[in-house]
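FYI, the numbering just counts along the sequence from 1. Counting starts at 1 for both ligands and their atoms, in listed order.
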Amino acid sequence: MSRSSKSHDGPANPSRRGLLKAGIAGAGLVAGAGLARAAGGDPANLPPNVADWSRYLGPGVDAAPYGMPSEHEAQVVRRSVEWLTASRESSINFTPLHELDGIITPNGLCFERHHGGVAEMNPTDYRLMINGLVDKPLIFTLDDLKRFPRVNRLYFLECAANSGMEWRGAQLNGCQFTHGMVHCVMYTGVPLKYLLEEAGLKTNAKWIMPEGGDAAGMNRSVPIEKALDDCLVAFKMNGEALRPEQGYPARLVVPGWEGNMWVKWLRRIEVGDMPWHAREETSKYTDLLEGGKARRFTWVMDAKSVITSPSPQAPILHAKGATVLTGLAWSGNGRITRVDVTLDGGENWHEARIDGPSLPKALHRFYFEFDWDGSELLLQSRAHDETGYVQPTKDALRAVRGTNSIYHNNGIQTWYVKADGGVENVEIS
Ligand SMILES: Nc1nc2c(c(=O)[nH]1)N[C@H]1C(S)=C(S)[C@@H](COP(=O)(O)O)O[C@H]1N2
Ligand SMILES: [Mo]
């Protein structure tokens, strides 16, 4: 554990050793770390005693020029599923949703999806080219981009494959794995519209093809209406420079639309009169239906929600009584207007309390406080968005889409809470 080696070494005494042991136990228990945290304390620190940490001076300023979380939070990390992909460079990991609160994802915990690993770009050599159906092709440096008026916007990014493993039935035990291909940060960037206007669009400009500077040279086609509406070329996330994993020094932000279009390490935008990758778009990012037909151009991420606690990695740790249920809801079509939750598999629904900012195309945080009587529960949440759309059940989705698809599974998730507080991923119908 590299983090504990950075921590302050206080006077050697039994209670310090006790804390260290807890840290190691926590690190070993990766997947079901929920219960581990309750262990490892030391009664010598409890009132009326003077706690260990009150008896010596702690680390001074600059002990950590770039601050890190407490060593006791070492279980709060992105995780991957080994068998899911063949290589690390073309792979995914997942945001630990069950450990977070509010609506902002900390930068270091944003899930990663790369097709050719993280491009190690030097910002001095960064260039963004705009060419194709424009009056004058342009090349921007990073400093050029920073001389345009910029905006701050909070948006979720969800990979179209999020919950993809759940199409055929309950698979993975934890909302980190079932729903963790989503994050939500505040982007600072330049509206793409300003850059396209600077280059001057020809009248037959109908599509843009943003392209990445990574080894995968990832590209997608985006209709010009979307490009001129709310897309950004972002260079900051949550106030600081984009992380390398998230496309440093600049990425495309395509609010409410599937993550694949949010090209990272953005190096070129070609303007054209038709979509480029018609063939790829029907094989890669389309939804295969029963009978071999496919849905195309399914860009918007429909309303979805998940209970993040209790959940398999966040079991209930108390016997009964006051219990806080919490979760996330989001819609690529705007704001979430309501979230319902059920404790009994859908027999009775209750309106949850949305708390924190309610912003279009951003995560929303909801809570439902209840008295747990210690009996088994079947938890579900159901999101409504401002278009009137209501999140469907998985069976309702399958009735329309079949089970061949990987993408765009926004069905209602069920967690089974056992009498001992443990939680499992299940499906009921
Ligand atoms: N250049 C480039 N951009 C990319 C990708 C990539 O592999 N290369 N992956 C895409 C996919 S499939 C997703 S879901 C998002 C993931 O963004 P994140 O890694 O910031 O979470 O980036 C998209 N942009
Ligand atoms: Mo993705």
Side-chain angles (χ1 to χ4, degrees), residues 78-81 84-85 87-97 100 104-121 126-129 154-165 176 179-187 189 208-222 231-238 240-270 276-277 280-281 283-287 298-301 304 330 332 363 405-410:
R78 299 185 281 221
R79 292 192 181 90
S80 54
V81 174
L84 217 53
T85 53
S87 81
R88 301 279 85 192
E89 294 77 22
S90 183
S91 195
I92 14 162
N93 60 21
F94 302 90
T95 308
L97 299 178
L100 304 178
I104 304 272
T105 313
N107 287 343
L109 296 175
C110 288
F111 84 93
E112 306 168 69
R113 172 71 176 111
H114 321 305
H115 293 77
V118 176
E120 299 178 309
M121 274 196 177
Y126 176 79
R127 296 291 183 275
L128 170 61
M129 180 196 287
L154 213 93
Y155 292 123
F156 77 81
L157 179 166
E158 184 182 16
C159 176
N162 200 21
S163 316
M165 280 82 73
Q176 177 166 23
H179 290 74
M181 278 196 260
V182 67
H183 53 63
C184 183
V185 305
M186 179 173 285
Y187 294 97
I208 61 161
M209 186 199 67
E211 177 186 77
D214 51 337
M218 249 238 13
N219 54 29
R220 277 297 295 265
S221 301
V222 180
C231 289
L232 307 176
V233 174
F235 41 83
K236 297 251 154 106
M237 58 195 286
N238 292 332
E240 64 178 1
L242 291 186
R243 290 292 173 88
E245 302 94 303
Q246 265 66 48
Y248 179 86
R251 89 175 302 167
L252 190 65
V253 168
V254 190
W257 288 25
E258 61 188 27
N260 187 256
M261 306 176 98
W262 300 47
V263 174
K264 302 191 277 192
W265 312 289
L266 183 65
R267 77 165 166 209
R268 192 169 70 94
I269 295 174
E270 189 177 332
W276 273 258
H277 292 85
E280 262 183 57
E281 302 222 339
S283 60
K284 255 173 63 191
Y285 279 82
T286 49
D287 305 350
T298 51
W299 299 309
V300 177
M301 301 309 293
K304 185 165 173 178
W330 60 96
L363 293 185
S405 188
I406 303 170
Y407 302 114
H408 294 276
N409 179 358
N410 66 323

In terms of atom number and element, which parts of ligand 1 are under 4.0 angstrom from non-hydrogen atoms of [X]?
{"X": "Gly212", "answer": "1 (N)"}
{"X": "His114", "answer": "7 (O)"}
{"X": "Glu245", "answer": "19 (O)"}
{"X": "Trp265", "answer": "1 (N), 2 (C), 8 (N)"}
{"X": "Glu112", "answer": "19 (O)"}
{"X": "Arg113", "answer": "5 (C), 7 (O), 9 (N), 11 (C), 12 (S), 13 (C), 14 (S), 16 (C), 19 (O)"}
{"X": "Leu157", "answer": "17 (O)"}

Report yes if [X] has an N/O atom closer than 3.5 Å to an N/O atom of ligand 1; otherwise report no.
{"X": "Trp262", "value": "yes"}
{"X": "Phe111", "value": "yes"}
{"X": "Gln246", "value": "yes"}

*asked:* One residue to check: Cys159. Relative to ligand 1, which of side chain, backbone, both or neither has a non-hydrogen atom less than 4.0 Å away?
replied: both

*Of the side chain and backbone of Asp214, name the one, both, or neither that has a heavy atom under 4.0 Å from an atom of ligand 1.*
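Only the side chain of Asp214 comes within reach of ligand 1.
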
Does the side chain of [X] reach to within under 4.5 Å of the side chain of [Y], using non-hydrogen atoms?
{"X": "Trp330", "Y": "Val182", "value": "yes"}
{"X": "Val254", "Y": "Tyr155", "value": "no"}
{"X": "Met129", "Y": "Glu211", "value": "no"}
{"X": "Glu258", "Y": "Tyr407", "value": "no"}

*Quick one: does Arg251 get within less than 4.0 Å of ligand 1, heavy atoms only?*
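Per 4.0 Å heavy-atom rule, Arg251 contacts ligand 1.
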
*Can you sort out the partners of Thr105 under side-chain hydrogen bond (donor to acceptor under 3.5 Å, both in side chains), two or more places apart, ordered by chain and number?*
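If we apply the side-chain hydrogen bond (donor to acceptor under 3.5 Å, both in side chains) test to Thr105, skipping adjacent residues, there are no hits.
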
*Please work out which of the three classes, parallel, tilted or perpendicular, describes the rings of Trp262 and Tyr187, given edges at 30° and 60°.*
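The rings of Tyr187 and Trp262 sit tilted, inter-plane angle from 30° to 60°.
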
*For a side chain to side chain contact (heavy atoms under 4.5 Å, CB included) with Phe111, tell me which candidate from His183, Glu245, Gln246 qualifies.*
His183

*asked:* Nearest non-hydrogen contact with atom 19 (O) of ligand 1 belongs to which option: Met181, Arg267, Lys264, His183?
replied: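 The nearest heavy atom belongs to Lys264.
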
*Between CG of Leu266 and CE of Met218, what distance do you get to the nearest 0.5 Å?*
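Rounded to the nearest 0.5 Å, the CG-CE separation comes to 10.5 Å.
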
*asked:* Looking at Glu240, I want to see if its CD is surrounded by more than 12 non-hydrogen atoms of other residues, nucleotides or ligands under 6.0 Å.
replied: yes

